[in-house]
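Report on one structure; see the data block that follows.
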Amino acid sequence: MPKFFIKTYGCQMNERDSEQVAHSLLARGYERAAHETEADVVLLNTCSVRDMAEQKALGKMGMLGQIAKHRPEVVFGFLGCMAQARGDALFAGLPHVDLVVGTQKFHCVADYVEELVARKREVLAAAHDPGHRRMDDPRFSICDTGEEAGSAETIRDHALPDRPATAFVSIMQGCNMHCTFCIVPRTRGAERSRSVEEIVREARELVARGVKEITLLGQIVNLFGRHEFATVKGKSPFVQLLEAVHEIDGLERLRFTSPHPIGFRADLIEALADLPKIAEHIHLPLQSGSNRILKAMHRPYTAEKYRVLVDRIRQARDEIAITTDVIVGFPSEDDEDYAQTRDLVEQIQFDNAFIFRYSTRRDTPAATMGRQVDERVKEVRNKDLLGVVDASAHRANARLVGRDVEILCEGPSRTNAARLMGRTRTNKIVVFEGEPEQIGMIFEVNVRQANGFSLYGTPVMQTSSPVHA
Ligand code: SF4
C-alpha cells in the first residue's frame with residue numbers, strides 16, 4: 001500500500017485535524033512514512049494566522065517539487081487554513097500540487113487521495129500512449145473548500161501511539177468573534193459545536209485506551225455550544241461539558257484551550273474550584289494591555305477586567321499557571337499603548353507567553369487600518385516584552401526547584417531522546433532519567449534544576465495510582 005507523510009503547521013487544532021486525516025488513511029491500509037522522501041502521498045496541513053506560516057508551507061511545497069521531478073506518481077496536497085483561504089490559486093506556480101482541501105473537508109481527504117493515486121497510476125501506465133494527458137493537466141487536480149453542515153462532528157477518530165498518555169478532543173470549529181487582526185473566522189467559518197454526548201463518547205473511548213489526560217480544543221473553547229445548547233441552572237454549555245467529561249472514571253487530568261476572556265464567567269471559575277481533574281493551567285489570550293488597542297482589535301474587554309479575571313482564576317485554584325498571547329505593533333500602537341501592555345504583563349507575572357509581532361493578514365479589517373507600525377519598532381517591542389516574559393517564566397520555574405511535582409510521563413524528551421519528559425499539572429515540561437515503562441504513568445519528580453523553558457528532576461515515586469479517586 002502507498003505510504004503517506006503529513007507535515008503540520010500551526011496550532012493544536014491543526015495537529016488534531018492531521019491526526020484525523022492520518023486515521024482515515026491508516027484505516028484504508030496506508031502506512032505512515034518516516035520521511036517525505038519515502039512517501040507516495042505528501043500532505044501539508046497549513047496555518048494562515050501569520051504570513052510567515054503561509055510562506056513556510058509554500059516554500060516547503062516548492063522544495064517538494066524536486067521529489068515530483070523524479071517520482072511523478074507522488075500525490076502532493078495542501079490542507080487546512082491556507083488551503084481554505086487561497087483555494088485553487090495554490091495550483092498556480094506549483095504544478096506538482098494535486099490536492100487542495102479546506103477546513104470543513106478533512107473527512108474527504110482519504111477519498112480524494114485514493115482517486116488521485118489511481119488516476120496517476122492510470123496515466124503512468126498509459127505513458128507510451130501519444131495521446132496521454134500530462135500529470136499537471138488541471139483535470140488531475142482536486143480542490144474542495146466548500147462548507148459542510150456537521151463538519152465539526154467529523155473530527156472524532158484518533159491515530160494514537162501504542163500507549164497514549166494524552167489526547168486532544170476537538171469540541172467545536174470556527175469563531176464568530178471577528179477580532180480585526182484575525183483570519184480564522186474566514187478560514188474556519190462560523191462557530192459550530194459538537195454534541196456533549198458525542199464528545200463524552202469519544203473521551204470515554206480514549207480513556208479506555210489508556211489516555212489519562214484530555215485537552216478539549218476550540219478556537220474559543222469556553223463559548224462551546226452557545227448557539228446550540230441552553231444554559232442550565234446558571235451553567236453554560238461549556239461548564240456542563242466539563243462536568244460530563246470530568247465524571248469519566250480513569251481520566252486523571254482535563255485541560256481546555258483556548259478560552260476567550262469574554263466567556264470566562266462565574267460558572268467557569270466555580271468549575272475550576274469544584275472539578276479537581278481540571279489541571280492547574282489556563283492559557284488566556286490577552287493580546288494587548290491598552291484599552292484603546294483592545295477596542296481597535298475588537299476584543300470586548302478592558303485591561304482592568306482582564307486583570308480582575310486573572311485574580312479570580314488565581315483565587316479559585318492554588319498555584320494555577322497562567323499563560324497568554326500578546327501582539328505587539330498592532331496598527332496605531334504607540335509608545336504609551338506598548339508601555340501599558342508591558343506594565344500589565346509585568347504586573348501579572350505570567351508563567352509564560354507567546355509574543356507575536358503583528359502580521360498583516362489580507363482581508364482582515366486591521367490590514368487596511370492607518371498608522372501601520374514600522375517593522376523595526378515591532379522588533380524592539382517584541383524583544384523587550386520577551387525579556388519581561390522570560391524573567392517571569394524563570395521565576396515561576398525557579399519556585400519549583402527542590403519540590404516534588406506530579407507529572408504525566410509522555411515519552412522521550414524532544415531534545416535528548418535518552419531521557420524522558422512529562423508535564424506537570426501546570427503544563428510545565430520536566431525532563432528526567434527514566435525507564436520506557438514509565439511512559440503513560442503519573443508519578444512525582446523532585447525538581448533539581450530549572451530554566452525558563454524546562455525543569456529537570458529525579459523521579460521520587462513510580463506509580464500510576466490515581467491522584468483523584
Ligand atoms: S477569538 Fe479572535 S483571535 Fe481568536 S480565533 Fe476568534 S477571531 Fe481569531
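Order of listing sets the numbers, starting from 1, for every ligand and every atom in it. Note that the structure is predicted; figures quoted are calculated from it, not measured. As a basis for the values below, the full set of heavy atoms in this structure was taken, side chains included, without hydrogen atoms, waters or symmetry mates.
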Tell me if a side-chain donor or acceptor on Tyr338 pairs with a main-chain N or O of Leu385 at a distance below 3.5 Å. yes
Which atoms from ligand 1 have a heavy atom of Pro185 less than 4.0 Å away? 7 (S)
the protein heavy atom lying closest to atom 6 (Fe) of ligand 1 turns out to be Cys175 SG, 2.2 Å
Between Arg156 (side chain only) and Glu202 (backbone N and O only), is there a donor and an acceptor less than 3.5 Å apart? no
Pull out every atom of ligand 1 sitting under 4.0 Å from any heavy atom of Ile220, numbered as shown with elements. 1 (S)
Considering only heavy atoms of His178, which atoms of ligand 1 have at least one such atom less than 4.0 Å away? 7 (S)
Is the shortest side-chain N to carboxylate O distance from Glu147 to Arg192 below 4.0 Å? no
Is it true that Phe238 and Phe256 have ring centroids separated by less than 6.0 Å? yes
Flag side-chain contact, heavy atom, 4.5 Å: Arg32 against Phe5: no
Got Leu400 and Leu455 here, is their nearest side-chain heavy-atom distance under 4.5 Å? yes
Counting each atom of ligand 1 from 1 as listed, which ones have a heavy atom of Phe181 under 4.0 Å away? 3 (S)
Taking the six-membered ring of Tyr9 as reference, does the cationic atom of Lys7 (NZ for Lys, CZ for Arg) lie under 6.0 Å from its centre and within 45° of its axis? yes
Taking N, O or S atoms only and a limit of 2.8 Å, check whether His260 reaches atom 2 (Fe) of ligand 1. no
Ligand 1 versus Cys179: contacting region, heavy-atom distance under 4.0 Å: both
Heavy atom under 4.0 Å from ligand 1: found in Ser258's side chain, backbone, both, or neither? neither
At what distance is the nearest protein heavy atom to atom 8 (Fe) of ligand 1, and which residue and atom is it? Cys182 SG, 2.3 Å
Can you find a non-hydrogen atom of Arg299 under 4.0 Å from ligand 1? yes
